[in-house]
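Have a look at the structure below before the remarks.
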Amino acid sequence: MCGILAIHGLDNPASQRAHAIAMSKRLRHRGPDWSGCFVGKDSILVHERLAIVGVDTGAQPLVSDTEDLALCVNGEIYNHVALRKSLKLPHKFKTHSDCEVLLYLYAEHDTDMCNMLDGMFSFALIDNSRTPSRIIAARDPIGITTLYQGWSSSQPGVVYFASELKALVDDCDKIISFPPGHVYDSATDKTTRYFNPTWWDTDSTKPVPTTKADLKLLRETLEDAVRKRLMSEVPYGVLLSGGLDSSLIASIAARETEKVALDLAKRRQRHTLVNGSSTPTHGPEEYPIASWPQLHSFSVGLPNSPDLLAARKAAAFLGTIHHEYTFTVQEGLDAIEDVIYHLETYDVTTCRASTPMYLLSRKIKAMGVKMVLSGEGSDEIFAGYLYFHAAPTPEDLHVECVKRVKNLHTSDCLRANKSTMAWGLEARVPFLDKAFLEVAMNIDPQEKTFGKKEFDEDGRPKMEKYILRKAFDCAPDGKPYLPDGILWRQKEQFSDGVGYSWIDGMKEHAEQVVSDDAFSKAAERWPVDTPDTKEAYMIREIFERLFPSEAAASTAVRWIPRSDWGCATDPSGRSVAIHEAAYEGPGEGVNGA
C-alpha cells in the first residue's frame with residue numbers, strides 16, 4: 001500500500017505543485033520508500049510509495065508509453081500477470097509493478113476495467129489526451145484501502161482525492177469517505193457503482209440464499225485467497241491472535257511458505273548439478289513470493305492475555321517463528337492520541353482494537369517486514385460476533401451480515417489499514433477476497449446460526465462460525481490445520497483478547513479525565529453522534545482537537561449496537577451473555593462488536 005493525492009481542475013497546476021507536495025507529506029508514513037509528483041495541464045498527482053512488488057522499478061506516478069496517461073495507485077493487483085496477457089494491443093511496459101497494467105486496461109476498456117481487477121486498491125488516473133483532462137478514481141469493492149474525496153467552496157470545479165483525511169482537512173470544506181466498489185468520472189462528474197455481486201441486495205425482491213455450505217469449496221477458495229496474497233518481493237509475516245480467523249490464515253500461509261521453500265530447494269539442487277551454482281535464475285512473474293524459509297508470526301497483548309496464550313499454542317503447532325510483544329495499559333493510554341490521529345475516527349470499538357495493533361505494527365516494521373496477512377472480515381461474513389446469536393430469524397441474520405460486510409470500510413478495514421500503515425506496514429485480508437465472498441455470502445444463513453449448547457453428529461459444538469471451523473476440521477492430506485483448542489476456541493474480539501484489563505483501563509482513565517459536568521453537556525457539544533459514555537466522550541474530544549472541522553467529523557462513522565436485538569450499549573464481546581467471561585450483574589446484554 002501507499003499514499004496517494006490527486007487534485008483535478010486547477011487553472012495553473014504548476015504553481016500548486018509545492019502545496020500539493022506539502023499536503024502529501026502528511027501521508028508519508030504510508031509510503032516512506034519514495035515520493036513522486038506528476039503535473040498535468042490541469043491536475044497534479046503525488047505518490048508516497050511503500051515498495052513491495054516491482055521494488056526496483058515501480059516508483060509512481062506511472063506514465064504510459066504514449067505519455068498521455070498518468071496513474072497513482074494505493075494497493076496491490078493480484079491478477080496483474082493475467083491482465084497483462086489479456087491486453088489486445090501491444091504496450092511497452094516500463095516497470096515490474098503490478099499496477100502499471102491499469103494504464104493500458106483503461107486505454108482498452110475505459111472504466112469497465114474496475115471489475116477486471118482482483119486486489120485491494122484505490123487509484124486516480126489522469127487522461128491528458130482530453131481537453132479538459134479527465135480524472136477517474138476508484139476504490140476496491142469492500143474498501144480495504146482508504147480513499148477520501150474533497151471539494152473547496154473557494155475553488156469551484158476542483159476535486160481532491162487522498163488516501164487519508166489529514167491530507168485534505170486544511171484545503172476542503174466538504175469531504176466524504178469515497179464509497180467502496182465505486183468509480184468517479186470527471187467527464188460526467190458522477191460516481192457510479194461498478195461492484196454488483198449476487199449477494200449485495202437484501203430487499204424484498206432478492207430471496208435469502210438457500211445454498212447449502214460446500215465445505216470443500218469454502219476451504220479451497222480461502223486457500224486460493226491466501227495464496228494469491230503472498231505476492232511479494234519483500235519479507236512478510238502473519239498477525240496471529242490465536243483466534244480462529246488469524247490462525248486459519250496463518251495455517252494456510254505456513255503451508256504455502258513451506259511449499260515455496262521446498263520448491264526453491266529443489267531448484268537450487270538442480271541448478272547446482274547443472275551449473276555449479278546454488279542460485280537459480282527466475283523472474284518476478286515466475287517467482288513472485290519473497291519470504292524467510294519459515295513463516296514468521298506476530299502477536300500482541302497484555303502479559304498473560306488470552307490472545308498471547310492462544311497465539312503461542314497456535315504458533316508452536318504451525319511451526320512458525322513466533323514474535324510475542326506485550327504492552328501495559330499505560331503504554332496503550334499513552335498512544336491513544338496518536339492512534340486517533342492515524343485512524344481519523346471516533347468510533348469506540350475501532351479505537352479500542354486499533355491501539356494494540358498500532359503498537360504491534362511498530363515492532364513488526366522495526367524487523368524489516370513490510371507486509372502481513374490478517375484475519376479481518378470473517379466475523380461479518382459468518383455471523384461470528386457473539387451478538388448474532390440473538391438474531392430473531394435466519395433472514396435477519398443474513399441481512400445483518402450483508403450490512404456489516406458493506407460497512408467494513410468504516411470499522412475493521414479502516415483499523416487494519418490505518419493502524420498498520422501508520423508505520424508503513426501493509427495488511428492483506430484474504431477473507432475479503434471477491435471469489436471467497438461470492439461463495440460464503442451465498443450460503444443459507446440457517447447454517448450460520450448458533451446457540452450455546454448445540455452439537456453436531458461428531459460432537460462438535462454448533463458455535464459461531466461453525467461451518468468455517470468444520471471446513472478446516474479435516475485436511476485432505478491428513479495433516480490438521482489447527483489444534484482443536486484453537487479451531488474450536490470461542491470468539492474473542494481483538495480489544496478483549498489482548499487482555500480484558502485493556503478495555504477496563506480505558507474506561508477507568510476516561511472516568512478520571514472526563515468530569516460529570518462535562519459529560520452531562522455532551523449533547524450540547526455534539527448533537528450528532530452524541531457520546532453515551534465517558535470513554536466515547538474522551539475519544540470524541542481528542543478527535544475534535546486533532547480534526548476540528550465539521551467536514552472532518554462528517555466522515556467518521558460510529559457503530560451503534562442492535563438495541564432491537566437486546567444489545568447492550570458496550571461493544572465488548574464480554575457484554576454478551578453467551579460469552580464464557582461475560583460481565584455479571586445488571587445491564588448484561590447480548591452485544592458484541
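For the numbers below, each heavy atom of this structure counts, side chains included, while hydrogens, waters and symmetry mates do not.
Judged by distance alone, the side chain of Ser247 and the main-chain N or O of Leu244 form no donor-acceptor pair under 3.5 Å.
Between Ser378 and Leu468, the shortest heavy-atom distance links the atoms OG-CD2, 3.4 Å.
Each of Arg540, His509, Arg352 was checked for a side-chain hydrogen bond (donor to acceptor under 3.5 Å, both in side chains) with Glu535, and the lone residue meeting it is Arg352.
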Could you pull out every donor-acceptor pair under 3.5 Å between side chains of residues 165-174 and any protein atom, sequence neighbours left out?
unit_1, atom_1, unit_2, atom_2, d
Lys166, NZ, Glu164, OE1, 2.6
Lys166, NZ, Tyr341, O, 3.1
Lys166, NZ, Glu344, OE2, 2.8
Asp170, OD2, Arg26, NH1, 3.2
Asp170, OD2, Arg26, NH2, 2.5
Asp171, OD1, His19, NE2, 3.4
Asp171, OD2, His19, NE2, 2.6
Asp173, OD1, Ser153, N, 3.2
Asp173, OD2, Ser153, N, 3.3
Asp173, OD2, Ser153, OG, 2.5

Tell me which donor-acceptor pairs under 3.5 Å the side chains of residues 360-371 have, and how far apart each pair is, sequence neighbours excluded?
unit_1, atom_1, unit_2, atom_2, d
Ser361, OG, Met357, O, 2.7
Lys365, NZ, Trp423, O, 3.2
Lys365, NZ, Gly424, O, 3.1
Lys370, NZ, Asp33, OD2, 2.7
Lys370, NZ, Ala51, O, 3.1

Between side-chain atoms of residues 546-557 and protein atoms elsewhere (two or more places apart, or another chain), which donor-acceptor pairs fall under 3.5 Å?
unit_1, atom_1, unit_2, atom_2, d
Ser549, OG, Ala552, N, 3.1
Ser554, OG, Ala551, O, 2.6
Thr555, OG1, Ala552, O, 2.7

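Ion pair Glu76/Arg229 not flagged as a salt bridge, since none of the NZ, NE, NH1 or NH2 atoms sits closer than 4.0 Å to an Asp/Glu carboxylate oxygen. Arg525 has a carboxylate O that lies under 4.0 Å from a charged side-chain N of Glu544, or vice versa, which qualifies the two as a salt bridge. Using a 4.0 Å cut-off between charged side-chain N and carboxylate O, Arg489 and Asp307 make a salt bridge. A salt bridge is defined here as a Lys NZ or Arg NE, NH1 or NH2 lying under 4.0 Å from an Asp or Glu carboxylate O, and Asp433 with Lys228 meets this definition. Remark: Glu511 engages Lys534 in a salt bridge, criterion side-chain N to carboxylate O under 4.0 Å. Asp473 has no carboxylate O lying under 4.0 Å from a charged side-chain N of Arg469, or vice versa, which leaves the two without a salt bridge.
When only modelled atom types and interatomic distance are considered, Asp140 and Thr145 share a side-chain donor-acceptor pair under 3.5 Å.
Annotation: His342 is in aromatic contact with His29 [ring centroid separation under 6.0 Å].
Two residues are said to be in side-chain contact when any heavy atoms from C-beta on lie closer than 4.5 Å; Val329 and Ser501 meet this criterion. By the 4.5 Å heavy-atom criterion applied to side chains, Arg545 and Phe543 are not counted as neighbours. Residues Pro430 and Ile249 meet the side-chain proximity criterion, which asks for heavy atoms closer than 4.5 Å. In this structure the side chain of Trp502 reaches within 4.5 angstrom of the side chain of Phe327, judged on heavy atoms. Using a 4.5 Å heavy-atom threshold, the side chains of Val73 and Ile4 count as separate.
Ring geometry, Trp488 versus Tyr466: the interplanar angle falls from 30° to 60°, so the pair is classed tilted.
Shown here are the salt bridge (Lys or Arg N to Asp or Glu O under 4.0 Å) partners of Asp245, two or more places apart in sequence or in another chain: Lys465. Residues satisfying the salt bridge (Lys or Arg N to Asp or Glu O under 4.0 Å) test with Lys313, not counting sequence neighbours, are none. Applying the side chain to side chain donor-acceptor pair (under 3.5 Å) criterion to Asn407, with sequence neighbours excluded, gives no partner residue.
Rounding to the nearest 0.5 Å gives a distance of 6.5 Å between CG of Asp347 and SG of Cys351.
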